[in-house]
Amino acid sequence: MRRRTPTAGLALALFAAMTATLAGTSASAAPAPAVPALAAAAAPDISVTNVQAHLTQLNSIASSNGGTRRAGSAGYTASVAYVKQKLQAAGYTVTEQTCTTCTYPASNLIAEWPQGPADQVIMFGAHLDSVSAGPGINDNGSGSATLLENALVLASQNPAMTKRVRFAWWNGEEQGLQGSKYYVGQLSSTQKGYIKAYYNFDMVASPNGGYFINRITSATAAPLKAYWDSFNLQPEENTEGAGRSDDYSFANAGIQTSGYAAGASYTKTSAQASKWGGTAGAAYDGCYHRSCDTTSNINATILNRSADGVAYTIWNTAVGGTPTNDFSVAVSPTSGSVARSGSTTATVSTTTVSGSAQTVSLSASGAPSGVTVSFSPSSVTSGGSATMTVSASSTAATGTYTITVTGTGSVTRTASYSLTVTGTGGGCTGGQLIGNSSFESGTAPWTATSGVITSSSGQAARTGSYKAWLDGYGSSHTDTLSQSVTLPAGCGSYTLAFWLHIDTSETTTSTAYDKLTVQVGSTTLATYSNLNKAAGYTQRTFDLAGYAGQTVTLKWTGVEDASLQTSFVLDDVTLQVG
């Protein structure tokens with residue numbers, strides 16, 4: 001929270017209150033009707049232990065960067081990277097928006113769960129920056145970590161959505177709500193209209209804290225209040241925070257707002273201490289904007305109730321109904337070339353988007369005369385993949401064409417593949433195309449992050465002494481390895497192969513924290529993670545026939561999060577053409 005500056009089941013009652021909100025009830029509307037005792041809602045219990053683990057990471061980031069996560073600092077950048085990596089691994093659509101008008105230009109981080117109607121948005125935000133004096137764990141690691149864990153739980157449960165849920169972590173709040181002001185200022189009037197409610201969470205674990213709600217009598221606040229009412233907490237209006245946090249940016253744009261807070265520098269009254277506990281006559285947070293705002297400055301009980309109240313609000317405003325069985329279709333690579341009398345292949349992959357997996361029948365249209373497209377297998381269960389073979393006769397029409405790959409199940413989904421048909425090739429010059437394939441001859445012709453090609457004894461090579469070792473630092477880190485090659489036209493096979501060993505200290509069996517992405521040009525061939533760890537090397541192979549006659553760059557990118565190392569070790573990389 002910034003310092004004050006001068007400024008001129010919950011059954012029918014909750015349903016009615018939120019319906020009024022989503023319909024655009026004004027800020028001056030009558031108080032929401034009384035809400036009955038809390039029903040057993042479908043909302044999940046949010047693990048406060050997991051929320052505190054995120055706070056530990058943010059505290060560690062500050063400690064490694066001069067004791068602060070102030071906007072524009074290295075600590076803030078690392079905080080954004082930590083949150084972003086978690087969200088991307090969970091499947092969110094994540095955008096970094098640079099606040100160019102902020103005192104310290106840096107990123108707002110916006111994450112949208114890609115389910116539910118895009119014109120019906122429920123938004124949840126917290127500022128990610130601290131003041132320069134300290135690590136900002138209550139202010140506002142607590143709000144940031146609460147939203148992060150809620151986002152991860154929403155993704156893991158993947159319920160049917162009646163509304164679109166969008167999360168935001170703001171830059172520059174401590175300099176005057178600058179990041180959120182910038183974000184709202186970039187929205188068109190139509191986009192503002194899509195946001196049916198904005199919920200703000202700023203300092204939700206104050207050690208001597210209370211239970212405060214922004215605009216407590218508004219329809220928007222109804223689910224937040226209903227959850228705390230179920231504990232008979234008797235929450236109060238957040239008068240201390242009025243106009244001092246990022247909900248103010250949205251309220252000024254006519255968007256309905258609410259949120260939780262546990263208090264900052266104001267003093268707890270005797271009446272508040274009687275109903276909430278704590279010390280009367282002392283500040284809600286004695287370490288507000290100080291260096292002592294660390295992980296020791298957290299009230300776990302208030303944090304837990306805040307995190308669960310956020311989940312309850314998400315589930316009661318945006319979740320519901322029976323999941324529709326849906327899937328998506330993708331082709332990799334998205335383009336290819338075939339000579340007359342030749343063939344090429346691509347991989348058609350399907351993903352279950354919502355509901356249950358289903359049988360998907362594959363077909364293709366748009367092929368020119370003399371070109372046939374087949375699939376093996378011709379139908380898959382969504383989540384599976386098939387090989388698409390494109391064959392050209394000796395009289396196939398030359399040119400570039402768009403092939404539409406169609407998956408048919410309970411719904412129909414399509415993907416596009418650009419096919420170029422050339423005249424008969426002038427013969428195949430085969431062989432192994434990768435230079436220095438076992439890394440024994442220095443670094444050329446590879447381009448790599450310093451230290452990636454190494455004979456270090458920390459990880460064994462598969463053959464010889466050298467290998468490419470990406471990541472393994474146990475901190476936020478990115479390594480790359482690449483080589484450009486020219487694939488001759490007219491050959492019958494184009495096989496990329498490499499041996500990969502993945503070693504990790506991560507203990508999870510469900511979350512991909514650290515990732516290795518394999519690309520040819522801008523197309524991703526595969527992504528591996530800490531979940532693919534194995535004791536030895538495993539050979540990975542890919543068909544690159546779609547790139548015949550082209551010069552392409554093969555690239556491996558390893559991205560590691562802020563803790564617990566994962567090593568991606570490659571050896572014996574070949575591209576055999578024949």
Side-chain angles (χ1 to χ4, degrees), residues 40-64 69 78-79 82-87 89-92 111 124 126 128 130 135-159 167 169 201-209 211 224 227-228 230-231 233 260-262 276-278 285 287 292-315 474-476 504-514 530-531 561-566:
D45 176 57
I46 302 300
S47 167
V48 70
T49 300
N50 290 352
V51 178
Q52 289 175 303
H54 299 313
L55 293 178
T56 298
Q57 290 296 323
L58 294 176
N59 197 88
S60 177
I61 286 169
S63 297
S64 299
R69 297 183 304 103
S79 299
Y82 173 75
V83 176
K84 181 180 181 180
Q85 189 276 332
K86 298 289 187 185
L87 294 166
Y92 278 84
F124 298 80
L128 188 55
S130 73
I137 299 307
N138 184 41
D139 184 16
N140 183 37
S142 61
S144 295
T146 291
L147 293 193
L148 175 57
E149 188 59 25
N150 265 277
L152 298 180
V153 170
L154 177 64
S156 68
Q157 296 211 357
N158 191 22
F167 295 94
W169 288 264
F201 302 92
D202 190 353
M203 302 180 67
V204 295
S206 304
N208 190 40
Y211 295 89
L224 294 176
Y227 187 78
W228 277 359
S230 71
F231 296 96
L233 293 173
Y260 281 151
W276 295 331
D285 182 357
C287 287
C292 57
D293 186 10
T294 67
T295 50
S296 299
N297 192 48
I298 292 294
N299 185 316
T301 299
I302 300 177
L303 180 66
N304 189 28
R305 289 169 173 170
S306 297
D308 288 339
V310 172
Y312 184 80
T313 301
I314 292 172
W315 254 252
S475 59
S476 296
T504 186
S505 298
E506 299 281 5
T507 58
T508 179
T509 59
S510 60
T511 304
Y513 289 121
D514 311 314
N530 49 279
L531 300 179
D561 75 353
S563 65
L564 299 178
Q565 73 86 26
T566 298

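If you're wondering where the values come from, they're calculated on a predicted model, not measured in any experiment.
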Between OG on residue S47 and CG on residue D308, distance to nearest 0.5 Å:
9.5 Å

Quick check: does any side chain N or O of W276 sit under 3.5 Å from a backbone N or O of L233, one acting as donor and the other as acceptor?
yes

Strictly distance-based, threshold 3.5 Å: is any side-chain N or O of R69 a donor or acceptor partner for the main-chain N or O of P135?
yes

For a 4.5 angstrom cut-off between non-hydrogen side-chain atoms, does F201 reach L224?
yes

S142 side-chain N/O to V204 backbone N/O, donor-acceptor pair under 3.5 Å
yes

Nearest non-hydrogen partners of A126 and S144, listed with the distance:
CB-N, 3.7 Å

Is the side chain of T511 donor-acceptor paired with the backbone N or O of T508 at a distance under 3.5 Å, no angle test?
no

Return the CG to CG distance between N299 and N138, rounded to the nearest 0.5 Å.
9.0 Å

Nearest 0.5 Å, please: how far is CZ in F231 from OH in Y211?
8.5 Å

Hey, does P44 have a side-chain heavy atom less than 4.5 Å from the side chain of W315?
yes

As an exercise, state the distance from OG1 of T295 to CG of L58, rounded to the nearest 0.5 Å.
10.5 Å

Minimal non-hydrogen separation, A205 against L303, with atom names
CB-CB, 3.8 Å

Got S230 and Y312 here, is their nearest side-chain heavy-atom distance under 4.5 Å?
no

Spatial distance of atom NZ (K86) from atom CD (Q57) [nearest 0.5 Å]:
7.0 Å

Are the side chain of T56 and the backbone of Q52 linked by a donor-acceptor contact shorter than 3.5 Å?
yes

Got a donor-acceptor contact below 3.5 angstrom from the Y92 side chain to the K84 backbone?
no

Using atom types as modelled and distance alone, determine if a side-chain donor or acceptor of N530 lies under 3.5 Å from a backbone N or O of D514.
yes

Looking only at heavy atoms, what is the nearest atom pair of S306 and Y260, with distance?
O-CE1, 3.7 Å

Between D202 and G143, is there a donor-acceptor pair closer than 3.5 Å when you use the side chain of the first and the backbone of the second?
no

Please name all residues satisfying side chain to side chain contact (heavy atoms under 4.5 Å, CB included) with N150, sequence neighbours left out, ordered by chain then number.
I46, T146, A307, V310, A311, I314

Derivation and outcome, side-chain contact (heavy atoms from CB on, under 4.5 Å), residues R305 and V48:
CA-CA 9 Å; R305 289 169 173 170; V48 70; over 6 Å; no

S63: side chain to side chain contact (heavy atoms under 4.5 Å, CB included) partners, not counting sequence neighbours
N59

Just checking, is any N or O donor in the side chain of N297 or D285 under 3.5 Å from an acceptor N or O on the other one?
yes

Exercise: identify the closest heavy-atom pair between A512 and A89:
O-CB, 3.0 Å

Taken to the nearest 0.5 Å, the spacing of L147 CG from F124 CZ works out to 8.0 Å

Correct closest heavy-atom pair for E506 and S563 would be OE2-O, 3.3 Å

Check against side-chain contact (heavy atoms from CB on, under 4.5 Å), L148 and F167
CA-CA 8 Å; L148 175 57; F167 295 94; over 6 Å; no

What pairs with S476 under side chain to side chain contact (heavy atoms under 4.5 Å, CB included), at least two apart in sequence or on another chain?
A562

Which pair of non-hydrogen atoms, one from A90 and one from A155, has the smallest distance, and what is that distance?
O-CB, 3.6 Å

